[in-house]
Amino acid sequence: MLFDKLQLDPKAKKTKTGQYKTGEDVLSALAHKSDIVQDILDFRQYQKLKSTYVDALPTLINPNTGLIHTSYNQAVAATGRLSSTNPNLQNIPIRTEKGREVRKAFIPREEENIILSADYSQIELRIMAELSQDEHMLEAFALGQDIHRATAAKVYGVDIDQVTADQRRNAKAVNFGIIYGQSAFGLSQSLGIPRKEAADIIEQYFNQYKGIKQYMSKVVETAKENGYVETILKRRRYLRDINSANMTVRGFAERNAINAPIQGSAADMIKVAMINIQKDIEDQGLKGKMIMQVHDELVFDIPEKELDAFKNIILHRMPTAIPMRVPIVVEIGIGKNWLEAH
DNA sequence: TCTCTCACG
DNA sequence: ACGTACGTGAGAGAC
C-alpha cells in the first residue's frame with residue numbers, strides 16, 4: 001500500500017526476501033508524506049507493548065509464588081553478558097511514555113518493601129578509558145566531568161562550558177559509536193548529517209583521544225594474530241572471520257574485536273559485584289533480595305528498614321568489583337516501583 | 001521454522 | 001559497487 005499504491009518512496013529498499021522494508025527508521029522518514037504512516041507507527045508501538053508485555057506478563061505469574069520468575073542464561077551471549085528469557089526482563093520498556101506505564105507494574109513483594117535500582121554510570125566508556133589508558137579520557141573522568149560535554153569541547157575545540165546542545169548530542173553519538181567500531185557512514189546516518197561532516201568529527205575525535213585510536217588499532221591487530229580478543233578477566237571471544245578476504249565479513253569481525261573487550265569487561269565487572277553483594281547480604285542476614293540484572297543495573301526488593309545496609313553494600317561492592325584507575329560511579333534510586341527507582 | 005520488526009543495555 | 005554500530009529475546013505472520 002505504501003510503496004506500490006501510494007508511491008511514497010520510488011527508491012524504497014527491499015529485504016533480502018523481496019519485501020519492502022518498513023522498519024521504524026524507514027517509516028519515520030516518510031511520515032510527512034501521508035498521515036497514515038504516523039498511524040502505522042503508533043499502532044506498531046501499542047501493538048508491541050500490548051502483545052509483548054501487557055498481555056504476556058500476567059500469564060507468566062507463578063501460582064505458587066505469585067511472582068514472575070525469569071531465567072538468566074550464562075552461556076548464550078558471545079561477549080559474556082547474561083541474557084534473560086521466559087520472560088525477558090532485560091527489555092522492559094522505559095523510552096516512551098506509554099512504555100513506562102509497563103515498568104510501573106514492577107513493584108516490591110511486600111507492602112513494607114521498596115525497589116532499589118543501582119546502575120553503573122557510563123560504564124562502557126569508563127572501561128574504554130581504562131583499557132586504552134587514554135590520557136584525556138582518563139582525565140575527564142578523574143575530574144568528574146560530563147564525558148559527552150568534555151568530548152564535544154575536545155572535538156569542536158571550544159571551552160567546556162561553551163559547548164552547545166547540538167555539539168553535545170553529536171559528541172554523545174560519537175562516544176557510543178566508537179565503542180561499536182562505527183564508520184563515518186554509520187555516524188552520518190544516526191545524526192542525519194553529511195558523511196563528510198561525520199568523517200571530520202571522527203577524525204577530530206581520534207586526534208584528541210590518541211590513546212583510544214591506538215587502542216583500537218592494537219586490539220584489531222592482536223585479534224588478527226591470535227584469532228581472539230579478551231576481556232579484563234580474560235574471557236575470550238574467538239573471531240574466526242578476522243582475517244577473511246571478504247571486506248564485509250572481516251569488517252564485522254573487526255567491530256566485534258573492538259566491542260567485545262569493552263562490553264565483555266563491563267559484564268565481568270557486574271558479575272563479580274553480584275557475587276560479592278550476594279555474599280554480603282547473606283553474611284548480614286538481610287531479608288532484602290537482589291532480584292534482577294540488566295547489564296549495567298542491579299535491582300533489589302528490600303524492606304525500607306534495610307535501605308542503609310543495602311546502600312552501604314552496593315556502594316562498596318559495585319565500584320570496587322574490579323580495581324581500576326578510572327573512577328567507577330554508581331547511581332542509586334529508590335521508589336515504590338521500578339520506574340520510580342530509576 | 002524463518003523473517004521482520006522492535007523492546008532493552 | 002556494496003555495505004555500513006555492538007549485544008540480546010519475543011510476537012506476528014508467512015511458509
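Proteins come first, then strands; the chains are lettered A, B, ... in the order of their sequence lines, and each starts at number 1.
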A:E340/A:K336 ion pair, N-O < 4.0 Å: no

Whole angstrom value for the distance that separates C1' of C:dG7 from CZ of A:R235: 13 Å

Nucleotide nearest A:T85 when distance is taken to its side chain, options C:dG11, B:dC6, C:dA10: C:dA10

Nearest-angstrom distance from the residue atom CD1 of A:I127 to P of B:dG9: 17 Å

Presence of salt bridge, A:K98 and A:E101, under 4.0 angstrom: no

Candidates B:dA7, C:dC6, B:dC6 - which lies nearest the side chain of A:R44: B:dC6

Sub-4.0 Å heavy-atom contacts from residues 258-274 of chain A onto DNA chain C, ordered by number: A:N259, A:Q263

Length of the CH2-P vector between A:W338 and B:dC8, whole Å: 11 Å

Electrostatic pair A:K213-A:D134, nearest N-O below 4.0 angstrom: no

Whole-Å gap separating P (B:dC6) and OH (A:Y46): 15 Å

Phosphate contact (C:dA5 OP1 or OP2) by A:R255 side-chain N/O below 4.0 Å: no

Distance test, side-chain N/O of A:R81 to OP1/OP2 of B:dG9, below 4.0 Å: no

Residue list, side-chain contact (heavy atoms from CB on, under 4.5 Å) with A:K154, at least two apart or on another chain: A:H136, A:Q208, A:Y209

Separation of B:dG9 C1' from A:D296 CG (nearest whole Å): 6 Å

Sugar-phosphate, base or nothing in reach of A:R250, heavy atoms under 4.0 Å: nothing

A:N256 side-chain N/O to C:dG7 phosphate OP1/OP2 under 4.0 Å: yes

Ionic contact status for A:R317 with A:D280, cut-off 4.0 Å: yes

Pairwise P distance for B:dC4 and C:dT4, with rounding to whole Å: 13 Å

Rounded distance (Å) that lies between atom P of C:dC6 and atom NE2 of A:H295: 16 Å

Polar side chain donor-acceptor pair, A:Q133 to A:R325, under 3.5 angstrom: yes

Options B:dG9, C:dA10, B:dT5, nucleotide nearest the side-chain atoms of A:Y180: B:dG9

Sugar-phosphate, base or nothing in reach of A:S183, heavy atoms under 4.0 Å: base

Cationic N near anionic O, under 4.0 Å, A:K311 to A:D308: no

Sugar-phosphate, base or nothing in reach of A:G23, heavy atoms under 4.0 Å: sugar-phosphate

Sugar-phosphate, base or nothing in reach of A:Y72, heavy atoms under 4.0 Å: nothing

Whole-Å gap separating P (B:dT5) and CD (A:Q19): 9 Å

Interatomic distance where CG belongs to A:L49 and C1' belongs to C:dA10 [whole Å]: 13 Å

For DNA chain C, stems built from three or more consecutive Watson-Crick or G-U wobble pairs below 3.5 Å: B:1-9 with C:6-14

Minimum-distance nucleotide (side-chain atoms of A:Q47 versus C:dA12, C:dG3, B:dT5): C:dA12

Polar side chain donor-acceptor pair, A:Q263 to A:T79, under 3.5 angstrom: yes

Basic-acidic side-chain contact under 4.0 Å: A:E130, A:R126: no

Short N-O contact, A:D301 and A:R109, less than 4.0 angstrom: yes

Touch class at under 4.0 angstrom, heavy-atom based, for A:I92 against every strand present: sugar-phosphate

Sugar-phosphate, base or nothing in reach of A:F176, heavy atoms under 4.0 Å: base

Sugar-phosphate only, base, or nothing, as touched by A:N88 at under 4.0 Å among non-hydrogen atoms: sugar-phosphate

From C:dT4, C:dG11, C:dG9, nucleotide with atom closest to A:S83 side chain: C:dG9

Sugar-phosphate, base or nothing in reach of A:I94, heavy atoms under 4.0 Å: sugar-phosphate

salt_bridge(A:K287, A:E110) N-O dist < 4.0 Å: no

Residue-phosphate contact under 4.0 Å: A:T15 side-chain N/O, B:dC4 OP1/OP2: yes

